[in-house]
> 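If you scroll down you'll find the structure; I have some questions about it.
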Number of protein chains: 2
Amino acid sequence: MSRAEAAVETIQREMTVFARRARASAGRMHPELSLVSYTLLGHLEESGGCRATDLAAHYALDKSTVSRQVAALERAGLIERRLDPEDHRVQVLQLTEAGQEILGQVTLRRRAAVRERLVDFPEEDLVRFAAYLERYNAAPDGATDR
Amino acid sequence: MSRAEAAVETIQREMTVFARRARASAGRMHPELSLVSYTLLGHLEESGGCRATDLAAHYALDKSTVSRQVAALERAGLIERRLDPEDHRVQVLQLTEAGQEILGQVTLRRRAAVRERLVDFPEEDLVRFAAYLERYNAAPDGATDR
DNA sequence: ACTTCCCGTTGCAGAGTACAACTCGGTCCG
DNA sequence: CGGACCGAGTTGTACTCTGCAACGGGAAGT
């Protein structure tokens, strides 16, 4: 196994560890907002509103899953759906004020926790780390894997 | 938000994207081995055998969850449990030959897929990327987050 | 108009999890 | 020894997440 392949193995494995721990801690840190919900809210904030289908594609989730998650978030008053006037099939999802509020709080808590773990990462490494991840996820597609 | 904080945000977000896609593709790429099962098998291979409790701790899973997963893997003939002669409460888990076989196949398939995505990463970046992840996961603890 | 396509919802079923209660072997006093 | 306590694993229960398939309704092309 080449050096590069060993690195690839490590990347896969460590990503998985990360994911499992994230899931586990999410429940403890903010019971009112599951990891999925948090992620979706974050995406809405970042994108400034999008369609359910976009969310599904981005996170490789089934549209039915997203539909239910969205319904729950709407019931909780964290997002609202607006019918796209151009195309009545489409619902544009957007954060409500309450949603922004909650999202902001949870983000602060999470960020603090992550910062704590990353305290001895020089800023330069953080930036490079983030760039690697973005580059990985942006890669050609993903129909193959991940 | 400082440059470092922005990087932290990105790291969180992209890690999540990665995790979701990994889960989704696992089902398609190797239906016979869920992402969890694959991960556990991988851990057993890497560690050369360990206890169920170790798995639970490492992946922040409940011991009951691990117990069921392990039971399934054993039923499938991929691992075996040996009673620790020193302490009869303990079961040491190890890959069977069949387990090694399957794990090897799936690993090759996954690795190929990941390689494809990482094709334009210079080896040096791969190694550094892997190192970042290990460093992150090895950080003090994780009781806080992730 | 008719067909086809796309967005979203709902019924259904299965996997993954957690939590709590329990069993069993070990360890540590008294 | 004997009883209290601890740690590993199992099992019962309930819930969430998720995907697939079937469906309703609007939109677009012929």
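Here is the naming used below: chain letters follow the sequence lines, and residue numbers restart at 1 for every chain.
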> Is A/Gln105 atom CD crowded by more than 12 heavy atoms from other residues, nucleotides or ligands, each under 6.0 Å away?
yes
> Could you tell me whether the side chain of A/Thr107 reaches within less than 4.5 Å of the side chain of A/Tyr38, counting heavy atoms only?
yes
> Whole-Å distance between C/dT9 P and A/Gln69 CD?
12 Å
> CG of A/Leu61 versus P of C/dA15: gap in Å, rounded?
19 Å
> Please report, rounded to the nearest Å, how far the C1' atom of C/dT9 is from the CZ atom of A/Arg75.
13 Å
> Using a distance-only test with no angle check, is there a side-chain donor-acceptor pair under 3.5 angstrom linking A/Ser37 and A/Ser34?
yes
> Which pairs pass ring pair (Phe, Tyr, Trp, His ring centres under 6.0 Å) with one or both residues in residues 67-113 of chain A, sequence neighbours excluded?
none
> Could you tell me the separation between the OH atom of B/Tyr38 and the P atom of C/dG16, rounded to a whole number of Å?
16 Å
> Could you check how far CG of A/Leu83 sits from C1' of D/dG26, rounded to whole Å?
11 Å
> Could you run through nucleotides 4-13 of chain D and give me one letter per nucleotide, 5' to 3': B if any protein heavy atom sits under 4.0 Å from the base, S if only the sugar-phosphate is that close, - if neither?
--BBSBBBBB
> Whole-Å distance between D/dG19 P and A/Tyr59 OH?
14 Å
> Using a cut-off of strictly less than 4.0 Å, decide whether A/Ser34 has a side-chain nitrogen or oxygen near OP1 or OP2 of D/dT16.
no
> Identify all pairs in which a protein N or O lies below 3.5 Å from an N or O of nucleotides 2-4 of chain C, and state each distance.
none

> What pairs meet the ring pair (Phe, Tyr, Trp, His ring centres under 6.0 Å) rule with one or both residues in residues 62-81 of chain A, with sequence neighbours excluded?
none
> I'd like to know if the side chain of A/Arg21 reaches the main chain of B/Ala60, judged simply by a donor and an acceptor atom lying under 3.5 Å from each other, with no hydrogens or angles considered.
no
> Rounding to a whole Å, what distance do you find between B/Leu35:CG and C/dA15:C1'?
12 Å
> Indicate, with a heavy-atom threshold strictly under 4.0 Å, whether B/Ala60 touches base, sugar-phosphate, or nothing.
sugar-phosphate
> What is the separation between atom CG on A/Asp84 and atom P on D/dA28, rounded to the nearest whole Å?
11 Å
> List in chain and number order the residues that pass ring-ring contact (aromatic ring centres under 6.0 Å, His included) with B/His58, two or more places apart in sequence or in another chain; answer none if no residue qualifies.
B/His43
> In the structure I gave you, are the side-chain heavy atoms of A/Gln12 and B/Val114 within less than 4.5 Å of one another anywhere?
yes
> Which residue pairs pass the salt bridge (Lys or Arg N to Asp or Glu O under 4.0 Å) test with at least one member in residues 1-12 of chain A, sequence neighbours excluded?
A/Arg3-B/Glu123, A/Glu5-B/Arg111, A/Glu9-B/Arg111
